[in-house]
Each structure stands twice: as structure tokens, then as C-alpha cells.
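Okay, structure first, notes after.
Quick note: numbers below take in every heavy atom, side chains included, and nothing from hydrogens, waters or symmetry partners.
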Amino acid sequence: MDNIKNMARAAKQRLKSNFWDDCKKNINENANEAKIRGVSESKVRTGMASLVKDEIKGAVKDEFYLKVKLILDSEGEVSDAIGRLTDKSVYDKLSYEEKQRYNLELSTKYLEALKRYKEEKEICLNL
């Protein structure tokens with residue numbers, strides 16, 4: 001019940017602070033700027049909308065994504081990304097089969113994070 005009350009309070013605060021008007025204005029300005037630059041206007045609108053949704057949800061920063069982002073920002077795509085992201089203390093305790101599964105899951109998470117990173121970079125470049 002407390003969660004619903006907190007969500008209601010947050011929604012009320014957004015209404016009081018003209019959050020939605022500011023969002024609409026910001027999205028429209030960025031979409032117009034993208035249109036002038038010849039960039040996909042709908043892609044910018046969609047990207048901005050997803051950022052607003054994440055902000056409303058109070059999305060907690062994903063630690064794994066932040067690690068991937070740090071690597072990509074500092075060195076770009078590297079060939080040993082999976083090795084850098086592996087938790088050695090956990091990995092050393094696994095059996096051979098578990099290590100294979102761990103590597104596969106880590107690789108999948110990395111590819112998802114890489115895709116998210118590229119999408120965010122594209123949105124930022126278009127702004």
C-alpha cells in the first residue's frame with residue numbers, strides 16, 4: 001500500500017512541477033532539431049519517450065550496464081569484454097558446465113547492454 005501512495009505522491013509532484021509540459025516541450029524541440037538536421041524525427045521522439053518512462057519508473061541504474069558503459073566510453077569495443085566483466089570469485093567456484101552457462105548468460109547480457117549503449121549514443125548524437 002505504501003508503494004501506491006509513494007507513486008501517487010510522485011505523480012502529483014510531477015503535475016505540480018509542470019513535468020509533463022516540460023517533457024512535451026523538450027521532446028518537440030529535439031524532434032524539430034532532428035528534422036532540421038535530417039535525422040529521423042520519430043526515432044528521437046521514441047528515444048526521448050523511453051528516457052522519460054525510465055525516469056518516471058525511477059529505474060535503478062543497472063550496475064552491469066554501468067560497467068559496460070565505462071568500458072565502452074573509455075576504450076570502445078574490446079575483444080576481452082566478457083573476461084573483464086566476469087566475476088572471478090564466482091567463476092572460480094563453478095563446474096565446467098556452470099562456467100559455460102555463465103559465459104553464455106554474460107555474453108547475452110553484454111550484447112543487450114551494447115545494444116542499449118549504441119541506442120543511447122545515437123539518441124544523444126541526434127539531440
Side-chain angles (χ1 to χ4, degrees):
M1 191 65 158
D2 290 334
N3 192 23
I4 293 173
K5 287 181 181 180
N6 290 336
M7 290 170 54
R9 281 189 197 110
K12 187 175 181 180
Q13 186 61 37
R14 283 192 297 273
L15 287 171
K16 284 183 177 181
S17 67
N18 292 326
F19 176 82
W20 294 112
D21 293 332
D22 293 342
C23 281
K24 287 179 187 176
K25 181 182 171 190
N26 192 11
I27 289 172
N28 288 332
E29 286 175 358
N30 287 316
N32 289 335
E33 188 175 325
K35 188 177 184 180
I36 291 169
R37 290 183 181 179
V39 180
S40 174
E41 183 180 351
S42 64
K43 205 173 215 181
V44 171
R45 284 185 186 276
T46 304
M48 294 289 293
S50 69
L51 292 176
V52 170
K53 285 179 188 176
D54 289 345
E55 184 178 337
I56 290 172
K57 288 180 191 175
V60 178
K61 292 288 186 183
D62 181 12
E63 284 186 40
F64 181 80
Y65 174 72
L66 294 177
K67 288 180 187 177
V68 172
K69 186 176 185 304
L70 180 66
I71 291 171
L72 293 171
D73 283 341
S74 62
E75 301 177 43
E77 291 185 51
V78 292
S79 60
D80 65 336
I82 303 301
R84 293 181 188 198
L85 296 168
T86 300
D87 184 351
K88 306 290 188 232
S89 62
V90 172
Y91 190 78
D92 291 339
K93 297 176 185 175
L94 301 175
S95 69
Y96 177 78
E97 293 82 12
E98 291 171 331
K99 286 179 181 180
Q100 296 300 313
R101 190 174 305 113
Y102 180 88
N103 285 334
L104 184 61
E105 290 171 0
L106 190 63
S107 177
T108 302
K109 281 178 67 176
Y110 173 73
L111 291 174
E112 290 171 2
L114 180 62
K115 180 181 176 189
R116 177 178 164 191
Y117 176 82
K118 288 181 177 180
E119 289 171 354
E120 287 182 6
K121 282 293 182 185
E122 186 176 328
I123 290 169
C124 291
L125 291 175
N126 292 333
L127 297 180

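More than 12 heavy-atom neighbours from other residues, nucleotides or ligands sit within 6.0 angstrom of NZ on K99. Annotation for K88: atom NZ counts as buried by contact number, over 12 foreign heavy atoms lying within 6.0 Å.
L15 is connected to F19 through a chain of hydrophobic side-chain contacts under 4.5 Å among Ile, Leu, Val, Met, Phe, Trp and Tyr, so both are in one cluster. Side-chain heavy atoms closer than 4.5 Å link hydrophobic residues (I, L, V, M, F, W, Y) into clusters, and following such links, possibly through other members, connects L94 to I82.
Taking 4.5 Å as the limit, some side-chain heavy atom of I71 sits within range of a side-chain heavy atom of L85. Put simply, the side chain of R9 does not reach to within 4.5 Å of the side chain of R14, judged on heavy atoms. Inter-residue side-chain proximity for Q100 and L104 is flagged as unmet; no heavy-atom pair is nearer than 4.5 Å. Counting heavy atoms from C-beta outward, R101 and E105 have side chains that approach closer than 4.5 Å.
Atom CD of E33 sits about 13.0 Å away from atom CG of N28, to the nearest 0.5 Å. Remark: Y110 OH to K67 NZ distance equals 14.0 Å, nearest 0.5 Å. If you take CG on N103 and CD on E98, they are separated by 12.0 Å, rounding to the nearest 0.5 Å. Atom CD in E119 sits 10.0 Å away from atom CG in L114 (nearest 0.5 Å). The structure places NZ of K93 at 14.0 Å from OG of S95, a figure rounded to the nearest 0.5 Å.
Looking at E63 and K69, no side-chain N of the basic residue comes within less than 4.0 Å of a carboxylate O on the acidic one, giving no salt bridge. Salt-bridge check for R84 with E75: passed, with a basic side-chain N closer than 4.0 Å to an acidic carboxylate O.
In this structure a side-chain-to-backbone donor-acceptor pair under 3.5 Å is present from Y102 to D87.
Under 3.5 Å, the side chains of D22 and N26 contain no donor-acceptor pair of N or O atoms. Side-chain contact annotation: D73 with Y117, donor-acceptor N/O pair under 3.5 Å present.
In terms of heavy atoms, Y65 sits closest to A113 at CE1-O, 3.5 Å.
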